[in-house]
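One structure is given here, and the rest of the page talks about it.
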Amino acid sequence: MVRTRFAPSPTGYLHIGGVRTALFNWLFARQHGGQFILRIDDTDEQRNVREALQPILDGLRWLGIDWDEGPEVDGPYAPYYQSLRAQRYEAAVQQLIATGAAYWDYALAEELQLERESAQADQRSFRYSRKWSAESPSDRQRFEAQGRTGVVRLKMPQSGKVTIRDQIRGNVEFDWGQEQDHVVQRADGTCLYHLATVVDDYDFQITHVIRAEEHLSNTPRQVFIAQALGYPVPEFAHLPFVAEPGSKTKISKRKLQKYLKHHDFAQLMQHASTIMQRLGDVPDAESFNPILVGFYQRIGFLPQSLLNYFLLLGWSLDEKTEFFGRDEMIAQFSLGRVNHAPASFDPAKLMSFQDHYMRGLPIKQKVPLVLAYLQEAGWVTTPPACDVGPYLLQVLAAIGDRLRVSGDILSFDEFFVDDEQLAVDPQVVAKCLATPESRAILHEYQATLVDIAPFDSNSLEQHTKGFLAARSLKMGQLVHGLRVAVTGKAIGCGVFETLAILGRERCLRRIGRLLEQIL
RNA sequence: GCCCCCUUCGUCUAGUGGCCCAGGACAUCGGGUUCUCAGUCCGAAGACACGGGUUCGACUCCCGUAGGGGGUACCA
């Protein structure tokens with residue numbers, strides 16, 4: 001039975017590197033009919049775990065990455081929080097000491113520092129001399145009488161080699177002699193990550209440890225701990241990093257400001273800010289950023305777009321397949337085809353997946369997505385009136401591919417605000433209705449709108465063509481002024497569709513109002 | 001310093017010795033189409049880090065160099 005896990009720290013954010021790791025673990029488990037476990041690495045107890053965990057759980061759920069065991073679902077090995085498992089770690093430390101795989105150590109920080117510096121000076125790798133290690137209880141008493149406090153260190157082998165079998169990188173060899181006697185238990189009695197992770201992976205029966213490459217160098221000590229404790233060593237797979245845009249450095253949530261200088265990043269951010277402004281929401285600069293999943297959720301990305309993009313960040317099936325639905329991903333994924341080199345995050349490419357999936361989404365399914373934004377903006381009541389559904393269907397049909405994320409609906413205010421409240425761009429008016437002729441054409445055209453029946457896109461187009469032909473005018477001489485009159489903007493949906501949706505009364509009022517203003 | 005990992009178009013990648021004067025996608029740039037925009041169609045430009053081997057033949061194998069990244073914590 002395959003069991004994989006994702007072990008986030010409750011930081012309050014789910015960032016894209018983490019999601020990619022979670023996704024690969026999840027895919028691997030699902031593909032093998034196994035289980036995917038969520039474990040919370042909350043050894044840093046300062047923060048409010050519950051609160052900081054919620055965005056992470058929400059993000060994973062939104063993406064459809066479901067877990068079989070972990071927070072909110074529990075499971076046979078609960079609790080799944082490291083902070084609640086201290087006793088298990090303590091027992092493991094005792095076992096390590098009992099079998100001679102670890103020892104109490106009383107070195108002072110400055111004593112260690114001296115050894116480290118002298119190693120540096122000799123250009124050899126540092127290894128602790130074990131000079132202050134306690135062999136017996138009486139040694140411990142002696143050191144403690146000197147006022148020293150003890151930690152527990154691993155008694156690592158000093159020679160020989162260890163081979164880590166990695167499903168992505170093959171065999172990786174390390175010299176035991178290079179390894180440190182790492183601390184596994186602090187002076188205050190708490191345990192360190194390497195010990196905790198090994199114990200947890202064993203207790204939770206994890207078979208495949210799929211994690212980021214940064215842990216590869218740490219694997220020997222974890223193998224040592226597992227073996228010393230008599231645990232089977234799991235399979236490992238170390239994923240390449242998700243790197244910064246335009247760089248190979250591991251992406252970090254601490255450098256948000258720096259990424260905003262990246263062109264495509266800035267553009268996405270701009271797009272998102274526009275939506276947030278229309279919602280009247282001022283997002284927190286720290287948490288509203290394209291490296292965090294919540295960002296995409298907030299502005300109306302489709303989970304499928306993110307999933308597909310992350311899948312291809314370090315993995316590919318072949319030379320041409322790009323689009324994978326959930327089931328296809330699960331069926332096709334393989335650790336063997338994971339890339340070895342870091343993959344840098346490209347917001348523009350992510351956006352192109354979003355375009356693709358949004359374009360493919362049936363209009364009916366877009367209705368509830370955009371409705372949520374319209375209600376939040378206060379343009380549609382909650383609950384919506386019964387004619388809103390059909391109306392939105394019409395509007396969305398007219399908008400077509402112009403809707404890239406659900407929040408973009410807010411840039412089509414012309415369909416939702418009252419005639420008096422419609423914002424009209426004066427620059428566009430100045431440009432499109434600059435000449436008396438252009439105003440005269442619009443005025444004349446307005447009068448003809450009264451007779452058109454039915455007032456639909458087709459009739460409007462036919463009528464307009466006739467109107468223009470009779471006067472030897474071209475389409476361009478009318479439409480731009482017409483569009484700004486009814487929408488307030490220079491760009492938008494097809495003008496006849498727009499007129500039809502708005503209906504005769506609103507069109508006449510808006511055109512009349514604008515002509516009054518500028519004449 | 002020491003150890004480990006990595007290196008194909010700007011980006012994600014295909015490529016497991018001849019099918020590759022390197023294929024696809026995104027982005028870019030031209031052009032067609034449309035009432036604007038979005039879209040769509042057609043086209044262009046663009047890469048094997050470098051140096052040595054091995055071989056009839058190397059992007060592919062070996063060695064080295066350079067560059068990038070990670071680890072080396074009483075962080076995770």
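The chains referred to below are lettered A, B, ... by the order of the sequence lines, with proteins before strands, and numbering in each begins at 1.
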Polar side-chain atom of T4(A) near backbone of N25(A) as donor-acceptor pair, under 3.5 Å:
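Judged by distance alone, yes, a pair lies under 3.5 Å.
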Is it true that a side-chain atom of D105(A) and a backbone atom of R153(A) form a donor plus acceptor pair closer than 3.5 Å?
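Such a contact is absent between D105(A) side chain and R153(A) backbone.
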Quickly work out the [X] [atom1] to [N] [atom2] distance and round it to whole Å.
X: I399(A); N: U36(B); atom1: CD1; atom2: C1'; value: 15 Å
X: L433(A); N: U36(B); atom1: CG; atom2: P; value: 17 Å
X: D346(A); N: U28(B); atom1: CG; atom2: P; value: 11 Å
X: E497(A); N: C35(B); atom1: CD; atom2: P; value: 13 Å
X: W315(A); N: A14(B); atom1: CH2; atom2: C1'; value: 13 Å
X: N218(A); N: G70(B); atom1: CG; atom2: C1'; value: 9 Å
X: K465(A); N: C35(B); atom1: NZ; atom2: P; value: 7 Å
X: E244(A); N: G68(B); atom1: CD; atom2: P; value: 14 Å

Base, sugar-phosphate or nothing for [X]? Non-hydrogen atoms, less than 4.0 Å.
X: R221(A); answer: sugar-phosphate
X: G476(A); answer: nothing
X: F345(A); answer: nothing
X: V151(A); answer: base
X: G400(A); answer: nothing
X: H215(A); answer: base
X: A490(A); answer: base

Let's test your reading of the model: under 3.5 Å, does the base of A73(B) pair with the side chain of H182(A) as donor and acceptor?
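Side chain to base: no pair present.
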Check: A25(B) base within 3.5 Å donor-acceptor of K349(A) side chain
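Under the 3.5 Å cut-off, the side chain and the base do form a donor-acceptor pair.
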Expressed in whole Å, how much space separates the [atom1] atoms belonging to [N] and [M]?
N: C37(B); M: C29(B); atom1: P; answer: 15 Å
N: G52(B); M: C5(B); atom1: C1'; answer: 24 Å
N: A27(B); M: G18(B); atom1: C1'; answer: 34 Å
N: A38(B); M: U28(B); atom1: P; answer: 11 Å
N: C50(B); M: U11(B); atom1: P; answer: 15 Å
N: G69(B); M: C74(B); atom1: C1'; answer: 26 Å
N: C12(B); M: C2(B); atom1: C1'; answer: 34 Å
N: A49(B); M: G67(B); atom1: P; answer: 16 Å

Given side chains that start at C-beta, do those of [X] and [Y] come closer than 4.5 Å, heavy atoms only?
X: T498(A); Y: F415(A); value: yes
X: L335(A); Y: F333(A); value: yes
X: R5(A); Y: L38(A); value: no
X: L154(A); Y: Y103(A); value: no

Is there a side-chain contact between [X] and the phosphate of [N], meaning an N or O under 4.0 Å from OP1 or OP2?
X: S344(A); N: C12(B); value: yes
X: T249(A); N: G69(B); value: yes
X: R127(A); N: G1(B); value: no

For a quick check under 3.5 Å, do R169(A) and H340(A) share a side-chain donor-acceptor pair by atom type?
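No, H340(A) and R169(A) have no side-chain donor paired with an acceptor closer than 3.5 Å.
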Can you find a side-chain donor-acceptor pair between H356(A) and S305(A) that sits under 3.5 Å?
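Looking only at side-chain atoms, S305(A) and H356(A) do not form any donor-acceptor pair under 3.5 Å.
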[X] side-chain proximity, nearest of [options]:
X: V495(A); options: G70(B), U36(B), C35(B); result: C35(B)
X: R483(A); options: A27(B), A76(B), U36(B); result: U36(B)
X: R337(A); options: G39(B), U72(B), G15(B); result: G15(B)
X: A348(A); options: C35(B), C26(B), A73(B); result: C26(B)
X: M475(A); options: A76(B), C35(B), C74(B); result: C35(B)

On a heavy-atom basis, which atom in R337(A) and which in S316(A) lie closest, and how many Å separate them?
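Result for this residue pair: NE-O, 2.8 Å.
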Looking at residues 404-414 of chain A, who's got a heavy atom less than 4.0 Å off RNA chain B?
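Within this stretch, nothing sits under 4.0 Å of the strand.
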Name the residue closer to the 5' end of RNA chain B, choosing between Y309(A) and Q185(A) according to the nucleotide with the nearest heavy atom.
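Closer to the 5' end of RNA chain B: Y309(A).
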According to the Watson-Crick and G-U wobble definitions, with both distances under 3.5 Å, which nucleotide is paired to [N]?
N: U34(B); answer: none
N: U72(B); answer: G1(B)
N: A49(B); answer: U65(B)
N: G43(B); answer: C29(B)

Is [X] positioned over the aromatic face of [Y], cation under 6.0 angstrom from the ring centre and no more than 45 degrees off axis?
X: R85(A); Y: Y81(A); result: no
X: R20(A); Y: F24(A); result: yes
X: R39(A); Y: Y80(A); result: no
X: R140(A); Y: Y106(A); result: no

Protein-to-nucleotide contact annotation, 5' to 3' order, nucleotides 2-9 of chain B [B base; S sugar-phosphate only; - none; under 4.0 Å, heavy atom]:
SSSBSS--
